[in-house]
Amino acid sequence: MSLIEIKVPDIGDFKDVAVIEIMVKPGDTIRLEQSLITVESDKAAMEIPSSSTGVLKELKIKVGDKVNVGDLLALLEGVAPVSAAAPATAVAPTAPTAVRPESVEGLAQASTGSARTEQRAAVPAHNPTSAPVGLPHASPSVRKFARELGVPLNEVKGSGLKGRITDTDVQAFSRSVMSGAVQTRAAEAQIKSAGAGSGAEGAGLGLLPWPKGDFSKFGPVERRDMSRIKKIGGANLHRNWVMIPHVTNHDDCDITDLEAFRVAINKENEKSGKGPNDAGVKVTLLAFLIKACVAALKKFPDFNASIDGEQIVLKQYFHIAFAADTPNGLMVPVIKDADKKGVLQISQEMSELAKKARDGKLSPAEMSGACFTISSLGGIGGRYFTPIINAPEVAILGVCKSTIEPVWDGKAFQPRLLLPLSLSWDHRVIDGAAAARFNVYLGQILGDFRRVLL
Ligand code: CAO
């Protein structure tokens, strides 16, 4: 008996739509126009019907595949066609594709053939008498709604005809989870596994899946792929944010004299054409901050540490990373052995590393081995922020723009240049008192840099 190929019919301008649901399985007798699969683009969910009758021999796609017009979906073993339908192998230009009502607008926007769109939209939605294979009894629109809310449909009790799950059931389930009256099975499992062995109760994140939505329903949007740096950096930041118990101490320190010294050094540079070093390097505040942090790390070794299992590794070297803003995202080059280098050498290395970062030419070695990171937004602005620790480090210093502020000297207010500091630290290793002392000490050094010599 000949096999009939069932292909993706004309679905307008949609390309690479994802298969999100398969409603049939090999051995099933398929009726003409019976829905076989649901596909979803960023604008609409559509059911793809069969263009022939027969017994399903083989599915050629699986959930997660991306399909386009004309792609082979399934092979049917022929039963005499019920109607004079177009040959199944041909792409049926007007094949009825059930589009859930709220998607019609999106489909119309995306399709150039509005007549075809209207025709499709006018076709009543697929209304199966039994639930699709392995899926709860619910229409595609309800399933999509549940996905958007992160509701596991197989845990929802349907109140509709023959136990069909409705929008209202999904909403009610979501509300009961939010109020704590119900816990999803996934959350229960996480709680159990997190509590296993520790006797802890109430642990586990129990997070709902990320909400998915059709933003274009609310206004025009543009989609961009994330850069590789953002993808990798984002995953690291997420892990660090979730796994490290962060606390951030904010403080101000007086850099009036330091800034005057820095400006004077740079003026000397300009006048001589070379400055105090042969390279004629511009001295930056960040270079002084790196030196000051080395001194503070020496005084408070817990900040120059990493957690390794049940041990704390205290480092006896001083490699300081700094965050560099680049067109492709955040890069974090490292000044190695900052304790053995002067401010001029650090300034020069920083400017070279920052340029390499912007040009995308940093080597992995130039970004590894850091003990502590400084993130400076001083050249841009702002007062304070909460920097995320760069694991496996245990602390990070954020710096914002210095401003002249009135400071009381016991007799009068004096205009002083204050630098806002934000120190984030890992509470598993560091305590609040130590963090406050670290900031105070850092402020003392930046207030009078001669202290570095002590
Ligand atoms: N307060 C006031 N002014 C400051 C300052 C501060 N804290 N820090 C720097 N400035 C000034 C500098 O004096 C300089 O002014 P002039 O041009 O008049 O001399 C100007 O801001 C620019 O500084 P810079 O860029 O030359 O040097 P930098 O050391 O501040 O910064 C670098 C170098 C690589 C850190 C920076 O280019 C950068 O990428 N910063 C962003 C870091 C970032 O994105 N952090 C966030 C991470 S979390 O997402």
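Ligands are counted one by one from 1 in listed order, and the atoms in each one are counted from 1 as well. Because only heavy atoms are used, hydrogens play no part in the values below, and waters and symmetry mates are left out as well, while side chains stay in.
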Give the residue and atom name of whichever protein heavy atom lies nearest to [atom], and the separation in Å to one decimal.
atom: atom 33 (C) of ligand 1; answer: Leu286 CD2, 4.3 Å
atom: atom 4 (C) of ligand 1; answer: Gly378 O, 3.3 Å
atom: atom 41 (C) of ligand 1; answer: Ser376 O, 3.3 Å
atom: atom 21 (O) of ligand 1; answer: Gly379 CA, 3.1 Å
atom: atom 37 (O) of ligand 1; answer: Arg358 NH1, 4.5 Å
atom: atom 14 (C) of ligand 1; answer: Lys282 NZ, 4.1 Å
atom: atom 32 (C) of ligand 1; answer: Ala323 O, 4.4 Å
atom: atom 27 (O) of ligand 1; answer: Thr284 CG2, 4.3 Å

When you measure from [atom] to the protein, is at least one non-hydrogen atom found at a distance under 4.0 Å?
atom: atom 24 (P) of ligand 1; value: no
atom: atom 39 (O) of ligand 1; value: yes
atom: atom 45 (N) of ligand 1; value: yes

Ionic contact status for [Y] with [X], cut-off 4.0 Å:
X: Lys356; Y: Asp359; result: no
X: Arg428; Y: Asp426; result: yes
X: Lys341; Y: Asp337; result: no
X: Glu405; Y: Arg416; result: no

Run the numbers for me: atoms of ligand 1, each under 4.0 Å from some heavy atom of [X], listed by number.
X: Leu285; result: 6 (C), 7 (N)
X: Arg262; result: 13 (O)
X: Ala324; result: 39 (O)
X: Asp325; result: 38 (C), 39 (O), 41 (C), 44 (O)
X: Leu377; result: 43 (C), 44 (O), 45 (N), 46 (C)
X: Leu419; result: 7 (N)

So does [Y] get a backbone contact from the side chain of [X], meaning a donor-acceptor N/O pair under 3.5 Å?
X: His238; Y: Asn236; value: no
X: Glu21; Y: Val39; value: no
X: Asn304; Y: Phe300; value: no
X: Asn240; Y: Ile389; value: yes

Honestly, is Lys291 close enough over Phe449, meaning NZ or CZ under 6.0 Å from the six-membered ring centre and within 45° of the axis?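 No, Lys291 and Phe449 do not form such a contact.
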Taking atom 49 (O) of ligand 1 as the point of reference, which of Val332, Leu330, Ile396, Leu421 owns the nearest heavy atom?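 Residue with the shortest heavy-atom distance to the ligand atom: Leu330.
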For Ser375, is at least one N or O under 3.5 Å away from an N or O on ligand 1?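 Yes: some nitrogen or oxygen of Ser375 is under 3.5 Å from one in ligand 1.
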Indicate whether the side chain of Ser227 and that of Asn328 have a donor and an acceptor atom separated by less than 3.5 Å.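 No, because no side-chain N or O of Ser227 sits under 3.5 Å from a partner of the opposite role on Asn328.
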In this structure, does ligand 1 have an atom that sits under 4.0 Å from one of the heavy atoms of Cys400?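 The answer is yes, since Cys400 has a heavy atom less than 4.0 Å from ligand 1.
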Could you walk me through whether Phe372 and Phe303 pass the ring pair (Phe, Tyr, Trp, His ring centres under 6.0 Å) test, one step at a time? CA-CA 8 Å; Phe372 181 87; Phe303 288 75; 7.4 Å; no
Phe288 and Phe261 aromatic ring geometry - parallel, tilted or perpendicular at 30°/60° bounds: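 Rings of Phe261 and Phe288: perpendicular, over 60°.
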